[in-house]
Amino acid sequence: MKCKKCGCDTLIKNDDWYKCANCGAEIFDTEVQLGDITSPTKEVESLENNHHTAAADEDVNNEPEPEKERSKLRDAIDFCIPIVIAIIAAMILKTFVFANAVVPTGSMKNTIEEKDRIIASRIAYRNEDPQRYDVIILKYPDDETQCFVKRIIGLPGETVEIVNGIVYVTKTDGEKIQLDDSFVTNCVPSGDYGPFSVPADSYFVMGDNRNTSWDSRFWDNKYVHKDKILGKVKFKYYPHFSIIE
């Protein structure tokens, strides 16, 4: 035992006390016990030790188990959030940006084959008007629950006439032109139709497979209003990819 005041290790014992030979400081003998009575210093040390032990036990008991820290509900939420975000993003794109369709007939051969899957841009005409020869997805004027894919032939204010299968258009400036038919199916178009006067904000449409296409020539409501155009077809992606022009 050393003197707590000067550090001297020479202590002179006198009953329950020690006296430092160097500085004369007196130190109580903490090892003394009288029956069941412990010295005050030992009592304090015992209480402090018990307190620290109890606090440590409490910390151990209250420490959360790593496996239970995240509840099953939280895990399920974390798993579902990316899926929900992806679904919402896909719905937004499908509703406001792209239109996806499967073509059920061969009315647009050979540009689009039966069962081809196509993508159209819904925003293509946000800042510009549809142009001649654009391939579009439209609401069928005689039954708007159905959607068709056709090519724009006549523009607003023009007159369309088909003679022996050849399409002629009289433009708004009075010029009469014969339309390009390089995209028409490898057959000889036939039939005489028209003339058809295209109203404002409307379009006259035909299929590329001219002899078998159900289009503006035969509809009761022959013209497609601009508001009924769902999008401009950009490409087909199944079973083969190709750009639609």
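In what follows, every heavy atom counts, from backbone to side chain, and hydrogens, waters and symmetry copies are set aside. Just so it is clear, the structure is predicted and the values come from calculations on it, not from any experiment.
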Working for salt bridge (Lys or Arg N to Asp or Glu O under 4.0 Å), residues D201 and K226: CA-CA 6 Å; D201 296 324; K226 183 179 179 180; over 6 Å; no
Enclosure of Y238 OH (heavy-atom neighbours >12, cutoff 6.0 Å):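 No, because the 6.0 Å sphere around OH of Y238 holds 12 heavy atoms or fewer from other groups.
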Q146 CD: over 12 foreign heavy atoms closer than 6.0 Å: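 Yes, the 6.0 Å shell around CD holds more than 12 heavy atoms from other groups.
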Intermediate values then yes/no, side-chain hydrogen bond (donor to acceptor under 3.5 Å, both in side chains), T185 and D208: CA-CA 6 Å; T185 304; D208 290 356; over 6 Å; no
With a 4.5 Å cut-off on side-chain heavy atoms, are [Y] and [X] touching?
X: Y203; Y: D129; answer: yes
X: S197; Y: E158; answer: no
X: Q178; Y: I166; answer: yes
X: S202; Y: V224; answer: no
X: I119; Y: V233; answer: no

F241/F235 aromatic ring centres below 6.0 Å: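 Yes, the ring centres sit under 6.0 Å apart.
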Near-ring test Y140/W219, centroid separation under 6.0 angstrom: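 Ring centres of Y140 and W219 closer than 6.0 Å.
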Shared hydrophobic cluster for L179 and Y168 (ILVMFWY, side-chain gaps under 4.5 Å):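 No, separate clusters.
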Hphob cluster co-occupancy, V198 + I177, side-chain heavy atoms under 4.5 angstrom: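 Same hydrophobic cluster.
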Nearest 0.5 Å please: distance from the [atom1] atom of [X] over to the [atom2] atom of [Y].
X: R126; Y: S121; atom1: CZ; atom2: OG; answer: 8.5 Å
X: D143; Y: N221; atom1: CG; atom2: CG; answer: 11.0 Å
X: I136; Y: K228; atom1: CD1; atom2: NZ; answer: 13.0 Å
X: M108; Y: F148; atom1: CE; atom2: CZ; answer: 13.0 Å
X: H225; Y: K139; atom1: NE2; atom2: NZ; answer: 13.0 Å
X: I112; Y: I244; atom1: CD1; atom2: CD1; answer: 4.5 Å

Cation-pi check, R151 onto F183 ring (under 6.0 Å, within 45° of axis):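 The answer is yes, since R151 meets both limits relative to F183.
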Distance-only side-chain donor-acceptor flag, K171 / T159, under 3.5 Å: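 The answer is no; no qualifying pair exists.
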Modelled atom types, side-chain donor and acceptor of Y193 and D215, under 3.5 Å: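 Short answer, no.
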Identified side-chain contact (heavy atoms from CB on, under 4.5 Å) partner of I118 from the options V102, V135, I137: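 Result for side-chain contact (heavy atoms from CB on, under 4.5 Å) with I118: I137.
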Full working for side-chain hydrogen bond (donor to acceptor under 3.5 Å, both in side chains) between D134 and Q131: CA-CA 6 Å; D134 285 355; Q131 302 298 311; over 6 Å; no
